[in-house]
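Chain naming here is simple, since letters A, B, ... match the order of the sequence lines and numbering starts at 1 in each. Not measured: the values here are computed from a predicted model.
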2 protein chains.
Amino acid sequence: MKRNSRLSAVLHALLHMAERNAPMTSDELATCLQTNPVVVRRTMAGLREAGLVISGRGHGGGWTLGRPLEDVTMRDIYTALGEPMLFQMGNVTESPGCLVEQAVNHALDDAFRDAEAMLIARLGEVTLATLADDFKRRFAEHRAALKQPG
Amino acid sequence: MKRNSRLSAVLHALLHMAERNAPMTSDELATCLQTNPVVVRRTMAGLREAGLVISGRGHGGGWTLGRPLEDVTMRDIYTALGEPMLFQMGNVTESPGCLVEQAVNHALDDAFRDAEAMLIARLGEVTLATLADDFKRRFAEHRAALKQPG
DNA sequence: TCTATTCGTAACTATTATTATTACATGAAA
DNA sequence: TTTCATGTAATAATAATAGTTACGAATAGA
């Protein structure tokens, strides 16, 4: 059931970075995300190009956020990742000669395009700050639950 | 770029069946869809269980539509296919212990769930008859273009 | 300068999901 | 009873993704 998880993985990484003042190394992030440091570098490369994160080499190097949490939406991240296909099901042929297939593709494209537009708009409404606040709320609840069990 | 194409393939197949009065064999459908007859049988099995198509064995056997075109929506087919995942990107962990990951998953789940609901609703609005009409329109246009070139 | 560290990236391997194929059993019609 | 066609399990091939190894380049500190 585990599919392309880059978007959620990246969000996860960025929030962990936000919790810190110092740069996080690819190794640390890889441990957080339960993956490989090279995969981290590969994924973060797109974000670096978009200015969302900054990387530094050598001693004290690693990954830092490049913009305030309020200024980065999930859509920005989606874009920086190269706008990967959101849908599992695509059309088979790009320019089908079969008119039956054209009719099918047209109907599906319409529906999928609208849903995708809606999804992307939603991604644009949520900033990293929103997510960080949600995390803090969960953290507070978690601590309260520990203090007052039962 | 070619992903799970079952929905479009099945629609394609059903419309070809609608154009005929006799049953179509798995081999014929496989040729239409540029795939393998066993894949056709496997895919159509779900539709048969849902009563959307009827299969017959032996001489004169093959696949026939089980309901009028007006009574079958794209959503019915989606359901008969076992409601496959529509989205490429899922969350990594189902019940993550990490609170950061919980916050991320929650936000993504919200957005994806809404988009999925919208898409499924749209699929429910389009019947096979709609698609067949669209095909006929395209066919008429195609013939007109052939008669009057330039 | 030398060394330890850390990213950057190419090349390769492993894993997983999907699709295709083979093989054979079952059922129906001529 | 022969021929045709589906039903389905088992297996192979393919493709997408993720993981690994290896090494170069840059940076900071001794």
Using atom names, set out every protein N or O paired with an N or O of nucleotides 9-11 of chain C below 3.5 Å, distance rounded to 0.1 Å.
| from | atom 1 | to | atom 2 | distance (Å) |
| --- | --- | --- | --- | --- |
| C:dA11 | N6 | A:Arg42 | NH1 | 3.2 |

Between protein and nucleotides 13-15 of chain C, what N or O pairs are separated by less than 3.5 Å?
none

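Evaluation of the side chain to side chain contact (heavy atoms under 4.5 Å, CB included) rule for A:Ile54 yields no partner, not counting sequence neighbours. Applying the side-chain hydrogen bond (donor to acceptor under 3.5 Å, both in side chains) rule to B:Asp27 yields no partners; only residues at least two apart in sequence or on another chain are considered.
In this structure, CZ of B:Arg6 is placed 15 Å from C1' of C:dA20, rounded to the nearest angstrom. Note: CE (A:Met44) to P (C:dT6) measures 16 Å, nearest angstrom. Between B:Glu28 atom CD and D:dC4 atom P there is a gap of 14 Å when expressed in whole angstrom units. Rounded to a whole Å, the CG atom of B:Leu29 is 12 Å from the P atom of D:dG7. Taking atom CG on B:Leu33 and atom P on C:dA20, their separation rounds to 10 Å, with Å as the unit. We find that CE of B:Met17 is positioned 13 Å from C1' of D:dT6, with the value rounded to whole Å. Atom CD1 of A:Ile54 and atom P of C:dT6 are 18 Å apart (whole Å).
The shortest distance between the side-chain N/O atoms of A:Asn36 and the OP1/OP2 oxygens of D:dA18 is not below 4.0 Å. In terms of phosphate contacts, A:Thr35 brings a side-chain nitrogen or oxygen within less than 4.0 Å of OP1 or OP2 of D:dG19.
Tracing side-chain contacts under 4.5 Å through hydrophobic residues (I, L, V, M, F, W, Y), one reaches B:Phe139 starting from B:Leu131; they form part of the same cluster.
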Apply side-chain contact (heavy atoms from CB on, under 4.5 Å) to B:Thr130 and B:Met74, showing your working.
-> CA-CA 10 Å; B:Thr130 318; B:Met74 299 204 296; over 6 Å; no
Evaluation steps, side-chain contact (heavy atoms from CB on, under 4.5 Å), between B:Leu108 and A:Leu11 = CA-CA 10 Å; B:Leu108 287 177; A:Leu11 289 168; 4.1 Å; yes
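Under the side-chain hydrogen bond (donor to acceptor under 3.5 Å, both in side chains) test applied with A:His16, the options A:Glu19, A:His12, A:Arg20 reduce to a single match, A:His12.
A:Met24 approaches A:Cys32 most closely through the heavy-atom pair CE-SG, 4.2 Å. Here the closest heavy-atom approach between residue B:Leu15 and residue B:Ala132 is recorded as CD2-N, 4.1 Å.
For C:dT6, its base never sits under 3.5 Å from the side chain of A:Arg57 at any donor and acceptor pair. For A:His59 against C:dA4, a side-chain N or O and a base N or O form a donor-acceptor pair under 3.5 Å.
Ion pairing of A:Asp134 with A:Arg138 is present here, as a side-chain N (NZ or NE/NH1/NH2) and a carboxylate O approach within less than 4.0 Å.
Taking 4.5 Å as the limit, some side-chain heavy atom of A:Glu116 sits within range of a side-chain heavy atom of A:Ile120.
Side-chain atoms of A:Asp76 come within 3.5 Å of backbone atoms of A:Thr73 as a donor-acceptor pair (strictly under, hydrogens ignored).
Applying a 4.0 Å cut-off to non-hydrogen atoms, none of the residues of residues 19-27 of chain B approaches DNA chain C.
Backbone-only engagement by B:Gly62 is indicated by non-hydrogen atom pairs under 4.0 Å involving sugar-phosphate atoms exclusively.
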Using atom types as modelled, flag every donor-acceptor pair under 3.5 Å from a side chain in residues 56-72 of chain B to any protein atom, sequence neighbours excluded.
| from | atom 1 | to | atom 2 | distance (Å) |
| --- | --- | --- | --- | --- |
| B:Trp63 | NE1 | B:Ser26 | OG | 3.0 |
| B:Arg67 | NH1 | B:Asp71 | O | 2.9 |

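The nearest heavy atom of DNA chain D to A:Gly56 and to A:Pro37 marks one nucleotide each, and the one closer to the 5' end goes with A:Pro37.
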